[in-house]
Amino acid sequence: ISETLALHKGMRGPQARARCVELLELVGIPSPEERLTSYPHQLSGGQKQRVMIAMALANEPDLLIADEPTTALDVTVQKQVLELLKDLQHKLGMAILLITHDLSIVRRYADHVVVMEQGQLIEEAPTAQLFKAPQHAYTRSLLDAEPPASPSGTMVDNRSLLDVSNLDVRFVTRKSLFGRPQSWFQAVDDVSFSLTEGETLGIVGESGSGKTTIGHALLKLTSSRGSIRLSGEELGQLDQKQFRPWRSRIQIVFQDPFGSLSPRMSVAEIVREGLEIHVPATPEEQDRRVIQALTDVGLDPLARHRYPHEFSGGQRQRIAIARALVLQPELIILDEPTSALDRTVQKQVINLLRDLQDKYGLSYVFISHDLAVVRALSHKLLVLKDGRVVEYGDAAEIFNTPKHDYTRELLGAALFYSQ
């Protein structure tokens, strides 16, 4: 942050440091004095985005181009950041060019809207007029692309699939000269939940609350303590070699459809890779399963010899889902699978996930900060704050009558756009 201050305002030393702390406070970074010495890899995705916004605001620009500025942020921080941009706009007379696929943000913050499709401007109007009476069919399809209001899927005789008890994850923050840990950051603190077959558990909370860390702990990509039981078998204490046979039963779909697929591999190679590791089968059988997985996610199997860069974001996410699905897992961890997609594609992916759940009886752990999407998919809801569970139970009940103040704050931040 201080680099741009030094280049454009000549600020250095204590003056630049004080301005950096002020900017980090403005964009909602906790403990800004301590965070000044942190590196990007030590921050959550949402915290990185906040630092980027602080950099952009450092010199109080006349025009701020905000390209999806809140995509990686949870709803409470979205509200803080957008209100901050709005306040700064009034204070500085700053113009904002807001580029986003989130129509609720457009409706709340934009004065004028331009709708684009495949590089063409197809509609332009004042915000209120466009939302009230859209003229173009594509604009109407965007406005109609809200996620469904409730989940589908039927539990299979309420048989328990996943039981997690007293899960703890902590990261070493400082070591002694001899490499001994001296201090820790508690990322997940005494978290317990369960999941039945054919059910979806939504996990929500602010950036840095431990959502993704729980997913990584379930896959043993992160060391943890506590009990993780799948179909009654204890997995928590298994080492990597012992856990390997279980990996085909638990799969993950990552947030970024552009970064999670190797550009050097064809779609067939990407989807087949798990089969080559976990399923002894002939090449013909592997190819049959690849074709079936691509068909299940609504992609043309003839496209399996193409490469990821030839597909759109939504199609890439379908490829990632096919990669998880090809191993016929019982549990799929969905880590922000729709956050990088526009609303129309989000709706397609949500409907796809619901259809696959109904067809195969899949269970999902759905990690997201988009509460509208969580509501559309989740039967149960786990609300996290600072690594601890603040509310857990039936999703519909929590959405309708939240008991904890923090849950009410989250829901209020998600719904304020429509006010």
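- A distance of 4.5 Å separates CG in Leu353 from CD1 in Ile321, rounded to the nearest 0.5 Å.
- The shortest distance between side-chain heavy atoms of Ile228 and Leu218 falls below 4.5 Å.
- For the atom pair Leu97 CG and Ile65 CD1, the distance stands at 5.5 Å (nearest 0.5 Å).
- Donor-acceptor pairing under 3.5 Å is recorded for the side chains of Glu391 and Thr407.
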Using the side chain to side chain donor-acceptor pair (under 3.5 Å) rule, take Thr100 and Asp102 through it: C-alpha gap first, then chi angles, then the decisive distance, then the call. CA-CA 5 Å; Thr100 183; Asp102 193 328; 5.6 Å; no
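- In this structure a side-chain-to-backbone donor-acceptor pair under 3.5 Å is missing from Gln120 to Glu117.
- For the residue pair Thr4 and Asn59, a side-chain donor N or O sits within less than 3.5 Å of a side-chain acceptor on the partner.
- Heavy-atom neighbours of Gln240 CD from other residues, nucleotides or ligands within 6.0 Å: above the threshold of 12.
- Of all non-hydrogen atoms in Leu103 and Leu142, the two that sit nearest each other are CD1-O, 3.3 Å.
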Leu331 vs Leu195, side-chain contact (heavy atoms from CB on, under 4.5 Å): CA-CA, chis, key distance, verdict: CA-CA 10 Å; Leu331 174 65; Leu195 189 63; 3.5 Å; yes
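- Note that Arg306 lies in the cation-pi zone of Phe311, set by a 6.0 Å cut-off to the ring centre and a 45° limit from the axis.
- Between Leu5 and Cys20, the closest side-chain pair of non-hydrogen atoms falls below 4.5 Å.
- Remark: the backbone N or O of Val349 is not paired with any side-chain donor or acceptor of Arg318 at under 3.5 angstrom.
- Summarising the geometry, atom CG belonging to Leu43 is positioned 6.5 Å from atom CD1 belonging to Ile29; distances are rounded to the nearest 0.5 Å.
- Between the Arg50 side chain and the Gly28 main chain, a donor and an acceptor come within less than 3.5 Å of each other.
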Using side-chain contact (heavy atoms from CB on, under 4.5 Å), reason through Phe366 and Val373 one step at a time and then give a plain yes or no. CA-CA 9 Å; Phe366 189 83; Val373 176; 3.3 Å; yes
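- Shown here for Lys380 and Tyr392, the closest heavy-atom pair between the two residues is NZ-OH, 3.6 Å.
- Enclosure of atom CG in Asp300 by more than 12 non-hydrogen atoms of other residues, nucleotides or ligands within 6.0 angstrom is indicated.
- No hydrogens or angles considered: a donor-acceptor pair under 3.5 Å links the side chains of Glu83 and Tyr109.
- Of the possible donor and acceptor atoms, none in the side chain of Gln129 sits under 3.5 Å from a partner among the backbone N and O of Pro126.
- In this structure, Asn351 CG and Gln346 CD are separated by 11.5 Å, a value rounded to the nearest 0.5 Å.
- Between Arg247 and His278, the closest side-chain pair of non-hydrogen atoms falls below 4.5 Å.
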Yes or no on side-chain contact (heavy atoms from CB on, under 4.5 Å) for Gln242 and Gln237, after CA distance, side-chain angles and deciding distance? CA-CA 9 Å; Gln242 293 168 326; Gln237 307 309 316; over 6 Å; no
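- With respect to His404, the side chain to side chain contact (heavy atoms under 4.5 Å, CB included) criterion is satisfied by exactly one of Val383, Val389, Leu410, Val390: Val390.
- A 4.5 Å side-chain heavy-atom check between Leu201 and Tyr364 finds every atom pair outside the cut-off.
- Within the structure, the salt bridge (Lys or Arg N to Asp or Glu O under 4.0 Å) test picks out the following pairs touching residues 319-330 (sequence neighbours left out): Arg249-Glu330.
- The minimum heavy-atom distance linking Phe399 with Leu371 is given by the pair CZ-O, 3.8 Å.
- Lys175 NZ: 12 or fewer foreign heavy atoms inside a 6.0 Å radius.
- Under a 4.0 Å N-O distance rule, the pair Glu22/Arg19 qualifies as a salt bridge.
- When the shell of 6.0 Å around CG of Asp239 is examined, it contains more than 12 heavy atoms from other residues, nucleotides or ligands.
- At a threshold of 4.0 Å, the pair Glu409-Lys79 does not count as salt-bridged, since none of the basic side-chain nitrogens sits closer than that to a carboxylate oxygen.
- Under a 3.5 Å cut-off, the side chain of Gln186 and the backbone N or O of Arg170 do not form any donor-acceptor pair.
- Nearest heavy-atom pair, Arg408 versus Lys403, reported as atom, atom and distance to 0.1 Å: NH1-O, 3.1 Å.
- Between the side chain of Gln135 and the backbone N or O of Ala133, at least one donor-acceptor pair lies under 3.5 Å.
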Step-by-step side-chain contact (heavy atoms from CB on, under 4.5 Å) determination, Val290 to Leu275: CA-CA 9 Å; Val290 168; Leu275 293 174; 4.3 Å; yes
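- Summarising the local packing, CE of Met94 is surrounded by more than 12 heavy atoms from other residues, nucleotides or ligands at distances under 6.0 Å.
- In this structure, CG on Leu356 lies 7.5 Å from CD1 on Ile332, to the nearest 0.5 angstrom.
- Looking only at atom types and distance, the side chain of Thr196 has a donor-acceptor partner in the side chain of Glu199 under 3.5 Å away.
- Looking at Lys48, its side chain never comes within 3.5 Å of a backbone N or O of His41 through a donor-acceptor pair.
- Checked by atom type and distance alone, the side chain of Thr37 pairs as donor or acceptor with a backbone atom of Glu34 at under 3.5 Å.
- The shortest heavy-atom contact between Ser248 and Gln251 is CA-NE2, 4.0 Å.
- Between the side chains of Ser368 and Asp370, no donor-acceptor pair of N or O atoms lies under 3.5 Å.
- Ionic pairing of Asp287 and Arg272 is present here: one or more N-O contacts between side-chain nitrogen and carboxylate oxygen are shorter than 4.0 angstrom.
- Looking at Val297 and Leu352, their side chains come closer than 4.5 Å, going by heavy atoms from C-beta outward.
- Ser183 and Thr173 share a side-chain donor-acceptor pair at under 3.5 Å.
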One pair to check against salt bridge (charged side-chain N to carboxylate O under 4.0 Å, His left out): Glu33 and Arg17. What are the steps and the verdict? CA-CA 9 Å; Glu33 286 275 5; Arg17 181 183 176 87; 3.1 Å; yes
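- Under the 4.5 Å side-chain criterion, counting only non-hydrogen atoms from C-beta, Ser192 is not in contact with Val164.
- The aromatic rings of Phe254 and His216 sit perpendicular, their planes meeting at an angle over 60°, well past the 30° parallel limit.
- Across Tyr307 and Met265, no two heavy atoms sit closer than the pair CD2-O, 3.3 Å.
- Residues His369 and Glu336 form a side-chain contact, since some pair of their non-hydrogen atoms from C-beta on lies under 4.5 Å apart.
- With rounding to the nearest 0.5 Å, the separation of CD1 in Ile398 from CG in Asp394 is 7.5 Å.
- Looking at heavy atoms from C-beta onward, Leu384 lies in side-chain contact with Ile214 at the 4.5 angstrom threshold.
- Formation of a donor-acceptor pair under 3.5 Å by the Ser176 side chain with backbone atoms of Arg180 is found in this model.
- Formation of a donor-acceptor pair under 3.5 Å by the Thr127 side chain with backbone atoms of Ala110 is found in this model.
- Defined by atom type and a distance below 3.5 Å, a donor-acceptor pair is present between the side-chain atoms of Thr139 and Glu123.
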